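All values reported here derive from a predicted model rather than from experimental measurement.
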Amino acid sequence: MTLPIHPSGPLAGRSVFLTGGAKGIGAAIARRLAADGARVTIADRDIATARALAAEIGASAVELDVTDLDLAQRTLLATGPHHVLVNNAGMDQHAYFTQTQIADWRLLLAVNLESVFATTHAALPAMQEAGFGRIINIASEAGRMGSRGAAVYAAAKGGVIAFTRSIARENGRRGITANVIAPGPIDTPMLRDAVAAGGDKLLDAMKGATLAGRLGTPEEVAAAVAFLASDGAAFITGETLGVSGGMGCGQ
């Protein structure tokens, strides 16, 4: 399929591989990068929603369960080469650590951390050959601060941060940047579902944990991704950018 290339925009002509791009933060990222001129491949388990979004914004969509690491690598290679890799696919589990099981750990690590290993491993050789690349991994403030009731998720996101810094160190002189975005509480259907049992009290507590006193929006995360993918961020690598209303600096 020949994708339309926007004649202008900060990402004109660049190819992006985006995991978990069908809904929520991922969908906002897909819309923003496409609007900025990129050719976006949306990889998601929910292929129907991904295809609908792709048709709307002039992107392409592929079905992908990121826990199938071999498939993730084959899919990226089949749709590439890509200038920009955005690892957005993720999942959380709200339970105290003693209430979790080994199967829970394996699933959370596979989705949130191992998938990042797999796609990065597949994307890097072409970026190295081209002397250009942008790797942007979506983690969480939980990966920097820890999280009561989400220890394994926090550990996986902390692993994403350390891994990304290592990739930045290995590729800093190859024209490749690697950075992390750490969202705080972002107003998505997934967050609303997660806090449904806690009601307004829990939602207010999440807002109160930010210096801004509110939830963030998916579009605010997408704006940070677009910046890190652009030429304007060429001298930024190995960093973790909190999009969390100041949550990361405490109260």
Listing request: all ring-ring contact (aromatic ring centres under 6.0 Å, His included) pairs with a residue in residues 63-83, at least two apart in sequence or in separate chains. Phe17-His82

According to ring-ring contact (aromatic ring centres under 6.0 Å, His included), does anything in residues 53-78 pair up with another residue at least two apart or in another chain? List the pairs. none

Residue pairs passing the ring-ring contact (aromatic ring centres under 6.0 Å, His included) test where at least one lies in residues 135-181, sequence neighbours excluded: Phe117-Phe163

Can you tell me if Ser60 and Thr41 form a side-chain donor-acceptor pair at under 3.5 Å? yes

Distance-only donor-acceptor pairs under 3.5 Å for side chains of residues 177-186, two or more places apart:
unit_1	atom_1	unit_2	atom_2	d
Asn179	OD1	Gly238	N	3.3
Asn179	OD1	Glu239	N	3.0
Asn179	ND2	Ile236	O	2.9

With sequence neighbours excluded, what pairs up with Arg31 under the side-chain hydrogen bond (donor to acceptor under 3.5 Å, both in side chains) test? Glu56

Enumerate donor-acceptor pairs with a distance under 3.5 Å from any side-chain N or O in residues 133-147 to protein atoms, sequence neighbours excluded.
unit_1	atom_1	unit_2	atom_2	d
Asn137	OD1	Asn87	ND2	2.8
Asn137	ND2	Thr164	OG1	2.9
Ser140	OG	Ala142	N	3.0
Glu141	OE1	Arg144	NE	3.0
Glu141	OE1	Arg144	NH2	3.2
Glu141	OE2	Arg144	NH2	3.0
Glu141	OE2	Ser244	OG	2.7

Contacts of type side-chain hydrogen bond (donor to acceptor under 3.5 Å, both in side chains), residue Gln73, not counting sequence neighbours: His121

Which residues satisfy the side chain to side chain contact (heavy atoms under 4.5 Å, CB included) test with Arg74, sequence neighbours excluded? Asp70, Leu71

Decide yes or no for Asp44 and Thr49: does some side-chain heavy atom of the first lie under 4.5 Å from some side-chain heavy atom of the second? no

Between the main-chain N or O of Asn88 and the side-chain N or O of Thr19, is there a donor-acceptor pair closer than 3.5 Å? yes

Applying salt bridge (charged side-chain N to carboxylate O under 4.0 Å, His left out), which residue pairs with at least one partner in residues 169-190 are found, sequence neighbours left out? Asp187-Arg192

The criterion is side-chain hydrogen bond (donor to acceptor under 3.5 Å, both in side chains); which residues satisfy it with Asp231, sequence neighbours excluded? Arg14

From CA spacing to verdict: side-chain contact (heavy atoms from CB on, under 4.5 Å), Leu211, Met247: CA-CA 6 Å; Leu211 301 185; Met247 173 184 280; over 6 Å; no

Just verifying a value: how many Å separate Asp46 CG and Lys23 NZ, rounded to the nearest 0.5 Å? 4.0 Å

Residue pairs passing the ring-ring contact (aromatic ring centres under 6.0 Å, His included) test where at least one lies in residues 123-150, sequence neighbours excluded: none

With sequence neighbours excluded, residues passing side-chain hydrogen bond (donor to acceptor under 3.5 Å, both in side chains) with Thr240: none

